[in-house]
Structures are given as C-alpha cells and as structure tokens.
Amino acid sequence: MYKILIVEDNPDIVANVYAFFEPKGFELDNAHNGFSGLALASNNRYDVILLDVMLPGMDGIKLCKALREELHDKTPVLMLTARDTIRDKVVGFDSGADDYLVKPFSLVELESRIKALIRRHQDEYFEHSIAVGDVTLSASEHRVMREGKILKLTPTGFKILKTLMNASPRVVSKHELEEKVWGADIPSSDALRTHMHSVRAQVDKPFTKPMIMTVPSVGYQIIDPDKV
C-alpha cells in the first residue's frame, strides 16, 4: 500500500490522520519539525508527503525547496496550512508543492487529494522533446530550457507547459488544460491561475519577449514570438 510522510507539529492532526489512514492499509511516518522531516525524506521513499507550512526549526516552504532543489526529490507534496490567500498559494507552489489543502480539512477530501497526486505522479512522461521558439522541453529528462537557461518549474507547472507546447500554436481552453493536468481530480477554481502565474514567472518574466498568451474567455496558448 502507499507510504505517506506527515511533517506536522500539531499532535491532534497527526493522530487523526493516523486513525483514518492506518486502518485503510496506508503506511505512515511522522516528523514534528522541518529538520526531522527533511531527514526522513532524504533516507526513505514515500508516495506522498503531507507538509505543514508553519513548522519549528525549518518551515514547510524551505523544506519543500530543499527537497526539490537540493535532493531533486519529485515525491508529490501536499501543503497543509491555515493560510488561504492567492499569495500564500503562489509561494507554496513556487517552492515545489503540488497541491494545497487549507485547515481545517475533511479527511475524506485529504484521501482523495492524496490518491490523485499519487495517480498523476505514477503516469509516465512521454519520451520525447518539444520545441516552441527558443523554449525546449525534454519529457524524459524533465527539463525545460529557454535561450540555453534551465527553467525551474514545479511538477504541475511542467505538465501545464508541456500541454501548451504540445498544442502550440492552438489555444488550449481552461477546461481542457485542467483535464490534461489533473484529470477528473480538478482542484480549487483558482489553482490553474496560480500555477500559470508561476509558469509565466519562469518562461516569460526573465526574457524580452513573452510567449504565453491569455485569450480572454477562452484559455491559454504558447507561441513563437518571432513568427507572430
């Protein structure tokens, strides 16, 4: 069965998660602070990591960044937090989180989110490369470059960009993009907009010519600006 790491310092939440998931056959580990969580993630394989944002020692944002940037760990991360603003979500997604659940939360919803993350993570990337203008994406290496510079995309951001590049120059509707990225397990209504903000920050912001376009009331597209 699936193995979950819970990095959470609230004993009541930890106890409730154990009581709900263990009878279902899930295997769980728990860390009460960021440093212990990082150590467990470094030395063990997990199917998903539940990560509280506010942790003693090392907060969840720093821990998630360390997982992605230092350990190159692609294990799905579900952030648990009491914060519910767009800015907080952007910070969480930019650190490498895959999903975001606001406290207090339903354990049934938590289980659904966990299974959706694991299912998406287990999907294999196509073994090919795509190029649009000066952006190249290697699915097998999980790498994106523009003008020779490696772009740092979250796993979800990578899927969004890959979907747009596969369709380019066609406009991809919001609904189609959500289905391609999340399947039937589409998260909150602002999740796509939040992830698009992060993708644009990598693909467009550092460069002279933007490539990702919003088509009002329709969706998004990525274009070669030199062919417009």
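From a predicted model like this one, the values you see are computed outputs, not experimental measurements.
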Participant: Between Leu137 and Phe158, is there a side-chain heavy-atom distance shorter than 4.5 Å?
Facilitator: yes
Participant: State the CD1-CG distance between Ile118 and Leu78, to the nearest 0.5 angstrom.
Facilitator: 10.5 Å
Participant: Is any side-chain heavy atom of Leu161 closer than 4.5 Å to a side-chain heavy atom of Gln202?
Facilitator: no
Participant: Could you walk me through whether Arg200 and Thr214 pass side chain to side chain contact (heavy atoms under 4.5 Å, CB included), step by step?
Facilitator: CA-CA 11 Å; Arg200 280 181 156 135; Thr214 300; 2.6 Å; yes
Participant: Would you call Asp52 and Asn10 a side-chain contact if the rule is heavy atoms closer than 4.5 Å?
Facilitator: no
Participant: Within the side chain of Asn33, is there an N or O that forms a donor-acceptor pair under 3.5 Å with the backbone of Ser36?
Facilitator: yes
Participant: Starting from Val132, can I reach Leu177 by hopping between I/L/V/M/F/W/Y residues whose side chains sit under 4.5 Å apart?
Facilitator: yes
Participant: Which atom pair, heavy atoms only, marks the closest approach of Leu28 to Tyr18?
Facilitator: O-OH, 3.4 Å
Participant: Is Met58 close to Val7 at the side-chain level, that is, under 4.5 Å between some pair of heavy atoms?
Facilitator: no
Participant: What's the shortest heavy-atom distance between Met79 and Cys64, and which atoms?
Facilitator: CE-CB, 4.0 Å
Participant: Quick one: are Lys149 and Phe207 in side-chain contact, heavy atoms under 4.5 Å?
Facilitator: yes
Participant: Side-chain heavy atoms under 4.5 angstrom apart, residues restricted to Ile, Leu, Val, Met, Phe, Trp, Tyr: same cluster for Phe20 and Ile6?
Facilitator: yes
Participant: Taking all atoms of both residues into account, what is the closest heavy-atom pair of Asp9 and Pro56, and its distance?
Facilitator: OD2-CD, 3.6 Å
Participant: Please report the interatomic distance CZ(Arg143) to CD1(Ile150), rounded to the nearest 0.5 Å.
Facilitator: 6.0 Å
Participant: Check whether any side-chain heavy atom of Ile49 lies under 4.5 Å from a side-chain heavy atom of Leu67, and answer yes or no.
Facilitator: yes
Participant: If Ile, Leu, Val, Met, Phe, Trp and Tyr residues are connected whenever their side-chain heavy atoms lie under 4.5 Å apart, and connections chain through other members, are Leu38 and Val14 in the same group?
Facilitator: no
Participant: Is the shortest distance from a Lys or Arg side-chain nitrogen in Asp98 or Arg68 to a carboxylate oxygen in the other one below 4.0 Å?
Facilitator: yes
Participant: How close do Phe21 and Leu110 get, heavy atom to heavy atom, and via which atoms?
Facilitator: CE1-CD2, 3.7 Å
Participant: Out of curiosity, Asp226 CG to Met211 CE, how far, rounded to the nearest 0.5 Å?
Facilitator: 8.5 Å
Participant: Do His197 and Arg193 make a side-chain contact, defined as non-hydrogen atoms from C-beta onward lying under 4.5 Å apart?
Facilitator: no
Participant: If you measure from CE on Met54 to CG on Leu80, what distance do you get to the nearest 0.5 Å?
Facilitator: 13.5 Å
Participant: Run the side chain to side chain contact (heavy atoms under 4.5 Å, CB included) check on Lys103 and Ile13 step by step: do they pass?
Facilitator: CA-CA 10 Å; Lys103 301 174 182 178; Ile13 291 177; 3.8 Å; yes
Participant: Any chance you could measure Lys115, atom NZ, to Phe26, atom CZ, to the nearest 0.5 Å?
Facilitator: 5.0 Å
Participant: Would you kindly confirm whether Val172 and Ile130 end up in one hydrophobic cluster when ILVMFWY residues are joined by side chain heavy atoms under 4.5 Å apart?
Facilitator: yes
Participant: Just say parallel, tilted or perpendicular for the rings of His195 and Phe93, cut-offs at 30° and 60°.
Facilitator: tilted
Participant: If we ignore hydrogens and angles and just use 3.5 Å, is the side chain of Asn43 paired with the main-chain N or O of Ala39 as donor and acceptor?
Facilitator: yes
Participant: Which pair of heavy atoms, one from Val199 and one from Leu153, lies closest together, and at what distance?
Facilitator: CA-CD2, 4.2 Å
Participant: Taking atom NZ of Lys152 as the centre, does the number of heavy atoms from other residues, nucleotides or ligands within less than 6.0 Å exceed 12?
Facilitator: no
Participant: What closest approach, in Å, do His142 and Lys74 show between heavy atoms, and which atom pair accounts for it?
Facilitator: CD2-CE, 3.6 Å
Participant: Do the side chains of Asp134 and Arg146 get close enough for a salt bridge, i.e. N-O under 4.0 angstrom?
Facilitator: yes
Participant: Closer than 3.5 angstrom, by distance alone: can the side chain of Thr163 be matched with the main-chain N or O of Lys159 as a donor-acceptor pair?
Facilitator: yes
Participant: Do Tyr100 and Val48 share a hydrophobic cluster, counting only Ile, Leu, Val, Met, Phe, Trp and Tyr and linking them when any side-chain heavy atoms are less than 4.5 Å apart?
Facilitator: no
Participant: Can you check whether Arg45 reaches Asp47 side chain to side chain, under 4.5 Å on heavy atoms?
Facilitator: yes
Participant: Supply the atom-to-atom distance Ser173 OG to Gln221 CD, rounded to the nearest 0.5 angstrom.
Facilitator: 12.5 Å
Participant: With a 6.0 Å cut-off (strictly less than), is the heavy-atom count around NZ of Lys62, excluding the residue itself, greater than 12?
Facilitator: no
